[in-house]
Number of protein chains: 2
Amino acid sequence: MNRVLFRDWQSVRDEVLRRIHARDWKPGELIPNEADLAIEFGCARTTMNRALRSVAETGLLDRRRKAGTRVAVQPVAKATLDIAVMRLEVEDRGQNYSYQLISRSLVVPPDEISQVMKSHTDEKLLHVHALHLADDKPYALEDRWLNLRVVPDARTQSFQTVSANEWLLRNTPYTHGEIEFSATAATPTTASLLACSDQSALFTIDRLTWDKQNDVTKVQLLFAPGHKLQPRL
Amino acid sequence: MNRVLFRDWQSVRDEVLRRIHARDWKPGELIPNEADLAIEFGCARTTMNRALRSVAETGLLDRRRKAGTRVAVQPVAKATLDIAVMRLEVEDRGQNYSYQLISRSLVVPPDEISQVMKSHTDEKLLHVHALHLADDKPYALEDRWLNLRVVPDARTQSFQTVSANEWLLRNTPYTHGEIEFSATAATPTTASLLACSDQSALFTIDRLTWDKQNDVTKVQLLFAPGHKLQPRL
DNA sequence: AATGTTTTTATGTGCATACATAATAAATTG
DNA sequence: CAATTTATTATGTATGCACATAAAAACATT
């Protein structure tokens, strides 16, 4: 019998993780209940609960009332990734960030955009096209649509020095958003802007940001070839 | 003064989120301390703490001892994404999953692989190449290296019907891993296997799985064109 | 056997309290 | 005045206890 006592929930969690990884507790297996484990670990049930809950959040444990706690059979890896402002992302890589506005225009968007953004027919949206650079080399191309009905202040913003990316985060309320990752082939236009060859495979992020019912902005980010995104596990 | 009391930590959290989104509490602003908020919300500090902690986990609040809690200036969006077994991923999309082994061979890996996997010179690794299909159409191409020193049981596995992906998860202990997303252009070989045109932009996932010091497996997944990955925010 | 009802039980959570810890602010010292 | 020490304070967390809740299991009823 293990006589080592575990003081804090982190060390309890670590021991739980060890047992799972070492297959002391095998996939699919039911583990003892909180109360019993708390006694074994020499801590309060509250502490045990916190530890087990945190492991369950990573997907390694499945917990259900009355049914108990069991080791996940197919551990759905829960990867978390931080999506920061472009500038911080570049600076975190130790590179020098710069920004370049390509175009800014008030236009009636193509159908696929107006549908997603629920803009009225013939309603103009602000279209901002810009380039983010790392150490003066193209890093990502930003293609953004802004709904001026929702963000009227954007009308007076030139976006020459501050990217729409950054300005929005600081000035616009929003309630929720959607993100999507994919791979896109470079078109002749995007290729020349990103200084890569036509048809290059580009890592792509599409974002849609909402404030209540209203779509604030829709943006597509095309990253220069070779870009990698590394989530924490 | 708000006389509504909040019973559980979720409703407290929701009200906190509302205040942030409504800019009652503006980015960069210091919010009242836990004890005061607990009184205002009519709950225990423990409950307030749980609520604030859960919001902080999403990146919307920055908390520091003594310094207090403030609304994040650059809300680093913390996206979480579930990386399940390929089969479940396909089935969750309501499609029919199937699997096809392309090749399985014991070979000395190219340098870049043996370096990452820290295999000895001339040491053979198990190389498994397979195709995952959704509704009988190519879904993803799996290119995997297995370290038989670490997973000796893999030697007797044919991987004809059960994918290495699934077999490993069920049978192999591991301590940690790395994931990386990127975009890759299809080569003639991969293009023909994925039934797409040469140079197509393919969404790519690279994974490295470790058990203590030992690399268990290294895998590259090339997804058929059009594949999108959608994290939860 | 099929259906509905009650009991049981493991997790989920709230609360009051106590103390730990990090980091700032204030006080002290050379 | 800069450097160092000390006090203060907001968050972080352990604990015991109580009760809520979901869901399985046992039981009862048709």
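Residue numbers start from 1 in every chain, and the chains themselves are labelled A, B, ... in the order their sequence lines are given, proteins ahead of strands.
Panel note: side chain A:Asp82, backbone A:Ala84; no donor-acceptor pair is recorded below 3.5 Å. Side chain of A:Asn147 to main chain of A:Thr217: no donor-acceptor pair is present (N/O by atom type, distance under 3.5 Å, no hydrogens or angles). Listed for the B:Arg70 side chain is a donor-acceptor partner under 3.5 Å among the backbone atoms of B:Gly28.
In this structure, B:Phe181 and A:Phe181 have parallel ring planes: the angle between them is below the 30° cut-off, well short of the 60° mark. Using a 30° and 60° split on the angle between ring planes, A:Phe159 and A:Trp167 fall in the perpendicular class, above 60°.
Atom CG of B:Asn33 is separated from atom P of D:dG12 by 12 Å (rounded to the nearest Å). When the P atom of C:dA10 is taken as reference, atom CG of A:Leu61 falls 17 Å away, rounded to whole Å. Between the P atom of D:dA14 and the CZ atom of A:Arg13 lies a distance of 11 Å, rounded to the nearest Å. Between A:Asp36 atom CG and C:dT11 atom C1' there is a gap of 13 Å when expressed in whole angstrom units. One atom, CG of A:Asp8, and another, C1' of C:dT21, lie 12 Å apart when rounded to the nearest Å. Between the CZ atom of B:Arg63 and the P atom of C:dA23 there is a distance of 14 Å, given to the nearest Å. If you measure from atom CG of A:Asp62 to atom P of C:dA10, you get 18 Å, rounded to the nearest angstrom. Computed from coordinates, the B:Trp9 CH2 to C:dT13 C1' distance equals 10 Å when rounded to whole Å.
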For nucleotides 24-27 of chain D, tabulate all protein N/O to nucleotide N/O atom pairs closer than 3.5 Å, reporting atom names and distance.
from: D:dA24; atom 1: OP1; to: A:Arg64; atom 2: NH2; distance (Å): 2.3

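Expressed to the nearest 0.5 Å, how far CH2 of A:Trp210 lies from NE2 of A:His176 amounts to 6.5 Å.
Contacts between residues 43-54 of chain B and DNA chain C, counted as heavy-atom distances below 4.0 Å, involve B:Cys43, B:Ala44, B:Arg45, B:Thr46, B:Thr47, B:Arg50.
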- request: Give the C-alpha distance, both sets of side-chain angles, the deciding distance and a yes or no for salt bridge (Lys or Arg N to Asp or Glu O under 4.0 Å) between B:Lys228 and A:Glu178.
  value: CA-CA 12 Å; B:Lys228 288 175 195 315; A:Glu178 288 171 25; over 6 Å; no
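Contact check, A:Gln10 against D:dT13: a side-chain N or O comes under 4.0 Å of OP1 or OP2.
Nearest heavy-atom pair, B:Arg18 versus B:Asp24, reported as atom, atom and distance to 0.1 Å: NH2-OD2, 3.4 Å. Shortest non-hydrogen contact noted between A:Leu202 and A:Phe223 is CD2-O, 3.4 Å.
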